[in-house]
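Bear in mind the structure is a predicted one, so any value in this text is a computation, not a measurement. Heavy atoms only: backbone and side chains are in, while hydrogens, waters and symmetry mates are out.
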Amino acid sequence: VVAGRETIVIEAEPHDKYSLFGHAHFWIDKENWLIIKMLSELGDQRSEMVYQTFELEANLSDDLFTLELPEDVTIQDLNDVSSTTETTIDEAANELGQTFLYFPEENGIEIARVDLTEIHGVIDRNELSIEYMKGDIPYINLSVFPTPENLEELPDENLEEMVSVRGQKGTYIEFGTFRSLSWDESGLTYSVLLTDPNLTLDTLISWADRMDWIE
């Protein structure tokens, strides 16, 4: 019983230890099939969500959802700020507006999806996102975008490690399960998220030396 409601509990176990989803429990309302409690554990991370009260016929007044904004606030549709469309690796250079480097498909690693995001506003650029899979498991995600001008960022010594990538200065960040490698080359910024926990930094840097130009 959760929040006075009878529930059915489902326990979910990952198929293997490298799953992106860990051990989970779901408490599901027997009458309406809504999840009113959820517990998930992945590595040393634990997350719990639970409803303290649950009312199906709650009386909600209209003013509950009224938002009073200051007079100088500008409302902007997020669809006008950025939009994402799926493209192909062959069309990506035209979409980005210039040639760029990408990881070749080899050793069972394949490109699963290529997205182009058009960003407007304070940041105005096109950004490519290339998702790689190894078998049925996400492997890496490569983002490519024009290097911002006059951007001076001081490395966070607590998080960032200075590394060499393709003869360029790069930064590697590892924070819990989050791992990222980035560097600038020929006017473009390359940012790689290491999704597969078995992929080491040394392996990725070695793979980067074999990157190909897409025309």
Side-chain angles (χ1 to χ4, degrees), residues 15 18-21 42 74-153 160 163-215:
H15 287 294
Y18 300 118
S19 172
L20 294 178
F21 304 96
L42 179 60
T74 300
I75 299 177
Q76 187 172 14
D77 191 332
L78 289 179
N79 291 326
D80 297 333
V81 176
S82 67
S83 61
T84 300
T85 56
E86 186 174 1
T87 184
T88 67
I89 193 65
D90 295 326
E91 298 171 349
N94 290 331
E95 301 285 3
L96 189 62
Q98 65 185 97
T99 185
F100 64 94
L101 289 162
Y102 77 108
F103 290 100
E105 296 178 297
E106 58 184 22
N107 299 324
I109 301 169
E110 299 179 345
I111 295 174
R113 184 182 177 93
V114 182
D115 287 330
L116 173 73
T117 300
E118 299 181 20
I119 305 174
H120 306 288
V122 177
I123 299 176
D124 193 357
R125 71 185 184 210
N126 288 349
E127 179 173 336
L128 285 173
S129 175
I130 306 174
E131 181 181 355
Y132 289 81
M133 302 282 287
K134 188 172 185 179
D136 296 328
I137 300 176
Y139 195 66
I140 65 169
N141 185 282
L142 169 65
S143 294
V144 185
F145 53 88
T147 302
E149 297 180 359
N150 303 321
L151 180 62
E152 296 184 4
E153 291 188 357
E160 296 185 3
V163 296
S164 178
V165 188
R166 296 178 49 82
Q168 311 294 324
K169 293 181 179 179
T171 57
Y172 174 68
I173 297 175
E174 183 170 348
F175 183 70
T177 59
F178 176 84
R179 297 186 299 153
S180 172
L181 174 68
S182 61
W183 74 96
D184 298 336
E185 184 173 350
S186 301
L188 294 173
T189 294
Y190 296 85
S191 179
V192 185
L193 293 179
L194 291 75
T195 310
D196 190 327
N198 293 315
L199 175 61
T200 66
L201 175 62
D202 290 340
T203 299
L204 179 60
I205 290 178
S206 176
W207 191 22
D209 290 333
R210 305 192 301 276
M211 292 179 79
D212 293 333
W213 289 97
I214 186 71
E215 301 293 342

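Ion pairing between a basic and an acidic side chain is recognised when a charged N comes within 4.0 Å of a carboxylate O; Glu106 and Arg210 show such pairing.
Rounded to the nearest 0.5 Å, atoms CD (Gln98) and CD1 (Ile214) are 13.5 Å apart. For the atom pair OG (Ser180) and CG (Asn141), the distance works out to 10.0 Å, reported to the nearest 0.5 Å. Atom CG in Leu116 sits 10.5 Å away from atom CD in Glu91 (nearest 0.5 Å).
The shortest non-hydrogen separation linking Thr87 to Ala92 is OG1-N, 4.5 Å. Closest of all the heavy-atom pairs between Arg125 and Pro146 is CB-CD, 4.5 Å. When all heavy atoms are compared, the tightest approach of Pro104 to Met211 is CD-CA, 4.0 Å. Nearest heavy atom pair, residue Tyr190 against residue Glu185, reads CE1-O, 3.9 Å. Ile89 approaches Val114 most closely through the heavy-atom pair N-CG2, 3.9 Å. Considering every non-hydrogen atom in both Val163 and Ile205, the closest pair reads CB-CD1, 4.5 Å.
The backbone N or O of Ile111 sits less than 3.5 Å from a side-chain atom of Glu105, completing a donor-acceptor pair. Judged by distance alone, the side chain of Asn126 and the main-chain N or O of Glu95 form a donor-acceptor pair under 3.5 Å. Counting only distance, with no hydrogens or angles, the side chain of Thr147 and the backbone of Leu188 share a donor-acceptor pair below 3.5 Å.
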**Report entry** Steps toward side chain to side chain contact (heavy atoms under 4.5 Å, CB included) verdict (Leu181, Val165)
**Finding:** CA-CA 9 Å; Leu181 174 68; Val165 188; 3.8 Å; yes
**Report entry** Verdict with reasoning, Glu127 to Ser143, per side chain to side chain contact (heavy atoms under 4.5 Å, CB included)
**Finding:** CA-CA 7 Å; Glu127 179 173 336; Ser143 294; 3.7 Å; yes
Query - Chi angles and distances behind the side chain to side chain contact (heavy atoms under 4.5 Å, CB included) call for Asp115, Thr85 - result: CA-CA 6 Å; Asp115 287 330; Thr85 56; over 6 Å; no
Report task. Apply side chain to side chain contact (heavy atoms under 4.5 Å, CB included) to Ile140 and Leu193, showing your working. Result -> CA-CA 6 Å; Ile140 65 169; Leu193 293 179; over 6 Å; no
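In this structure the side chain of Val192 reaches within 4.5 angstrom of the side chain of Phe103, judged on heavy atoms. Within the 4.5 Å cutoff, the side chain of Leu128 has no heavy atoms near those of the Phe145 side chain. Proximity of Leu96 to Val144: side-chain heavy atoms (C-beta onward) are separated by under 4.5 Å at one or more points. Looking only at side-chain heavy atoms (C-beta outward), Gln168 and Trp183 come within less than 4.5 Å of each other. In this structure the side chain of Tyr139 never reaches within 4.5 angstrom of the side chain of Glu110, judged on heavy atoms.
Aromatic ring pairs are classed by plane angle as parallel below 30°, tilted from 30° to 60° and perpendicular above 60°; the pair Tyr132 and Trp207 is perpendicular.
Among the candidates Thr200, Leu199, Thr203, the single residue satisfying the side-chain contact (heavy atoms from CB on, under 4.5 Å) test with Leu194 is Leu199.
Between Trp213 and Phe100, the ring center distance fails the sub-6.0 Å criterion.
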